[in-house]
Each structure stands twice: as C-alpha cells, then as structure tokens.
Amino acid sequence: MIQDKLQKHIAEALLALYSTNVKQENIIIQQTRKDFEGDYTFNVFPYLKFAGEKPEACAEKIGGYLLKNVDSVASFNVIKGFLNIVIADHFWAGFLADHVNSKNFGNQVAGDGKPVVIEFSSPNTNKPLHLGHVRNNLLGWSVAEILKFAGHKVVKVNLVNDRGIHICKSMLAWKKWFEGKSPESENIKGDKLVGDCYVRFDREMKKEVESLVAAGKSKEEAEKQSPLISEARQMLKDWENGDAEVLRLWTEMNGWVYNGFDKTYERMGIDFDKIYYESDTFLLGKAIVEDGLRQGILFKKDDGSVWADLSDEGLDEKLLLRADGTSVYITQDLGTAQLRHDDFDPSKLLYVVGNEQNYHFDVLRIILQKLGRKWARDIFHISYGMVELPEGKMKSREGTVVDADDLMEQMHQTAEAMARELGKVEGLTDAEAYDLFEMISQGALKFFILRVDPKKNMLFNPEESIDFNGHTGPFIQYTHARIQSLLKKAAEKNIEHTEQLYKGEMHLKEREIIKLLYVYQGVVADAAESYSPALIANYVYELAKEYNQFYQEVNILKEQNIEKVRFRLSLSRLTANVIRSAMHLLGISVPDKM
RNA sequence: GGUCCAGUAGCUCAGUUGGAUAGAGCAACAGCCUUCUAAGCUGUCGGUCGCAGGUUCGAAUCCUGCCUGGAUCACCA
C-alpha cells in the first residue's frame, strides 16, 4: 500500500533531517480532507520537539525529502503543521490498469487454515421470525461472507432451540384449541400456526391467572398454580421421559415450524453448513460440569446443586446444575461449545447473539477457562443491539413484533408499485419483473439493517416504510445498473475499456473514485476484524455516491479524446465490480438493469 | 444498588489509531430530463457533538463526575 511507503520514507526523512528514530508503524498518515489539495496528510506537530523548528519549516523539509525520494509523490503543500502529499496521477492510473480485469479484486488469503465457526439465527420453534431475528440472520450471514472474502474458512452453524417449556405451551394449546388443524388445512405457514398456538396459550393462561388473583391469590402464586402451566410442565416431563404421543406431536409441530423457517431463510438468502438441535445437545454439558466437580474447580451446595465461584473475576456465583441434577442454559452452552470445538477444531468460535446476553458470554468464557479449556479465549461474542420500535422494544406477547415474512412481502409490493410508476418494467417478463422487485426490496431491507453499527440499538418505524431513495441499497443497485448500461452502450459502439496506462489529465472526481477503489481491500480487512458489515455498507454507499456525481457531471461517451473514454470505462468497470463484490458481502444482489 | 452499552441536525445514521471549517440521507424549499437510466444530480435551510470539569499544540473521540435511555445481575432460554 502507498501509505506504508509514505510511512517508511517519512521515518527515513525524520532520521536524515533530525536524527530522530521513529518506528515506521508509528508514523501516522491520514487521508487529506476534501477541502485541501492532496491525497494523504502527515502531521508534524508531534515531532516538533525533536525538530526544534517551526511546524511550517519542518513540514516543508519532509515534503521536499519525499518529493525527491518517492517517485509516486507528485507534489506537496503545507498548511500550518499539515503536510499534504499529492500522489501522482500515474500511480492511480497504474492501479486502475492493473485491476480492471482482475476477477475478485480484493480477495485475500489469511488465517491458519483452521475454520472460523460462526453461530447465528438460533431460533426458538414456538414463534415465527421477526425483525430482531432478521438483524441476527443478516449480520451472521454477512460476517461469514466477509470472513470468507478476507481469506478464512468459515462454517455457519445454527443451534435450534427446539425443546423446553415454550414448545410444550404451543403443543398444549394445539391439543386444546387447534386439534385437527394443520398448516395445510389453514393454508398458512407452519411457523405461523405454531406461533398462533403459543399466543393463544399465553392469553388463556393470563385469564386463569386473573381469575385466581380475583379469588384472592397473589400474582406470583397464581402464576405458579395456574393449571395450564402445570399441564405444560407435565408435558415437558413426559417429553423428557420419551412419551410416544408427546414426541409424535412434538416432531410434527416442529416439522411445521422448520418448513416455515426454511421459506423465510430462503427468501432472505440465508443458509447454514450445519444445524444443531438442542434436543440432541441439551444434556451435553453435564459431563463437563461433573468432571469440573471431581477436579474441585466447581463446588456443590448442601441441597446438591452445583455452582461455579466467579468472585475472583468480580462476578457472582453461577448455578450450573439444579439440585435435581438437571441442567440450565449455561450448562448446555458449555456442552455445545465443547462439541463445536471437537467437531471443527476452529481458530475462532463466533456467536451472533443479542447484547442482552453479554454477561452470559463473559461467564461462559470464564467457566470454560477455569475448566482448563485453552480454546475458550477463541470464543467471541458478536453482540448486537436490539431493533426498537418507536414505542420501545418489540414484545411477541403484546403483538408489537414486526413479522419477517410480512415485512418482506410488504416491501416487495412497495418496490413493485414504485417500479411500475417509474416505468421500469417495460420489456420484462413477469418472472423477470418479480425477480427485480425482490432484489430491490431485499436490497433496501438488508442495507437498512446492515448499515448501522451492529452493537448499537436501532430504530425501525413501521409507519415510515423503508426508503428506496437516498442512502439506501437500491441507490447502490441503481448505480451498478447505470454502469452496466453504460458499458453495454459503449460495447455497441465498439469502444472497450483498456488495461493501458492512461497518461492524460484526470478529473478530480476520477481521482476520488480510484482512491476509494484502492482502499477496498483494507475496508474488507477492517470489517473482518471488527465483524462489522456496516463498514462495508457505508463504504460502498460512498463509492456509489461519488460515481453518480461523476456520471452526472461528465458525459463519458461523448468525450472527444478516445483514450479518456477508455480510461473512464475502465474506471466504471472496476467500480461496478467493487460494488457487486461489496454488495455480495452484505447478501445483496445487484441487477444489471433497473 | 453493582456491572456493561449508548446519547452527534426536526427524524434515521456516518465520523478511521485524538487532527484542519463535524458529514450523509430523510423531511422542507428552489432548480436540472431532445444527451450514457431523474430510484439520479445541484443549491438553500438545519449543530451548545447530553452536561460540567480535566489531560494537550489540538478533544465528538481519552480521563473523572453528573444527567438521560437501554440491557443485565434468575434453579427462564
């Protein structure tokens, strides 16, 4: 990279001019602000004590040194202590020429060959996917793609929470109020039907509790004594004891849910390499805990329950096994982490899970470390914020959730209405038109979600539907379509892009665009390191915006100088490639026409 | 109460390891289609970067205190 080169020579300059030894990597090079002339800026303020000179003089000297010794430096200017360095046009033109035809520009090889295992989605089988899950799924998918692009092997896993009291509630409700009904008979998605059962259970239970409270019980008592809850608990016991009838219903209802989830995943473009089921793994952690107990790392209380003492780490004591010997959530996670380690020998274990579980993952890592699992340090929790509605957090029980399928369908319809109004469907078959609406609505949704910093909470207002203009996915898709159309037109006129080095003068915007293309690889690397698709999203938006401004300002094909036209076609082509590549990392496809 | 995270334009969000005059989009207003796609472009309007101190050549960014919002501290998952 050119920045490294500048760092190296500035370090040399400091040594030559002021006998000051500064490590190359400590030299700070920043992008020059747009309002000043130059590409990169070096700030001399930190070095003035060594130089013993005024900032301007010091910057002038270093600038002079660079101009003499680095051939890609064309000129420089000094404003106060800021040394603005202008990189020669031929450097940027050379970069462009080198990469116009490279496939997968920016792809890297990294890592030690061991896979990165990333868990995401991990739904419960008692309700359909909502907007919160959408954020999880898109994040997980995108981070996986970014890691692949950055050169890692990646295994995407999903741990389905398919057992427990919640699914028993749905099953019980089905038996009581939905008997005989199926997704086919009701003509709805299976996950929706099961979700309806769950909601019904909750409603009926509330009624019971209310009448118990009216009869003079406290709310806590009422909730514990509700006959419905007791029945559900009994059902869970029956499930654990392998009751054939309960297992049959459980299998059937989960099957409905999986069919429904599959459709949602497919529409979102999400898939997994391996699916774990909690019903297979929920007993796994017990052996690890019992082993820790034997080694004296864990301890047993008088009632027989098993605990980890985390007070050394500033945390509390944590329960690992109940007095009756059954396991809790964290026990299972201990087990699944071990399983994943045994299955894949990963270099990293990533978990895409909401930030309400930050504490849980701290505890998980610490306990595994206490138990002597060295690989516990490779566990990383990709923590993301909630999607909030204007009135606050989404609550399934209060019906304030934004259903994933409904949202996607609604956006599809908006995209269709808009496209028709703009006359974008001319000459398209129905199937092509459908695909276009789908691409655009998915692009809008995905970009909307992925462009915000994962760790922050974000707001979704259902009243104001997600935009298709401005800082959006469709804007970037549109830019790509524009370029494709331009390239096609050029080909019709027999004008091709070129790998030849362009020697003519460059437009200011052209330099800006090439500079953006130049840093693409670095952006992906940063995104891979911080697990943040938002970096990619905001980068590709900036690129598209810059290109659009250029496009509007300059008529590329009408230009008289044919070399300049070729150069601009190269620029357009590489821009389109990078847009396509970056959008792919976000799980967004780009149409050639829209 | 303890711990963690967040607070930037009316709204939704960017803001690189501390750097120059804090940026986009939406909304509002005014322009631009006989020219490669107007889902676009140009311009106007919009800021006490939660508040108060501190660190330094320089702070939205780092430190301390406070305010506000959220999460969490379950024998729920």
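By convention in this document, chain letters (A, B, ...) are assigned in the order of the sequence lines, proteins followed by strands, and residues within each chain are numbered from 1.
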Worksheet item: Which residues satisfy the salt bridge (charged side-chain N to carboxylate O under 4.0 Å, His left out) test with A:K424, sequence neighbours excluded?
Response: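 By the salt bridge (charged side-chain N to carboxylate O under 4.0 Å, His left out) rule, A:K424 matches no residue at all.
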Discussion item. Check A:K34 with A:E546, please: is the shortest side-chain N to carboxylate O separation under 4.0 Å?
Written reply: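 Between A:K34 and A:E546 there is a salt bridge, with a charged N closer than 4.0 Å to a carboxylate O.
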Is [N] paired to anything, Watson-Crick or G-U wobble with both distances less than 3.5 Å, and if yes, which nucleotide?
N      : value
B:rG7  : B:rC67
B:rA22 : none
B:rA30 : B:rU42

Worksheet item: Once each nucleotide of nucleotides 71-77 of chain B is scored for protein heavy atoms under 4.0 Å, what B/S/- sequence comes out, 5' to 3'?
Response: SSS-BSB
Would you kindly check whether a donor in the side chain of [X] faces an acceptor in the base of [N], or vice versa, at under 3.5 angstrom?
X      : N      : value
A:K424 : B:rU37 : yes
A:N84  : B:rA20 : yes
A:N555 : B:rU35 : yes

Practice prompt. Flag as yes if A:Y551 stacks onto the base of B:rG40 (centroids under 5.5 Å, planes under 30°), otherwise no.
Written response: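 Per 5.5 Å and 30° rule: no stacking.
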Discussion item. What's the gap between B:rU16 and B:rA30 when it is taken at their P atoms, as a whole Å value?
Written reply: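 Nearest-Å result for B:rU16 against B:rA30 at atom P: 37 Å.
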Worksheet item: If you measure from the C1' atom in B:rC45 to the same atom in B:rC29, how many Å do you get, rounded?
Response: 8 Å
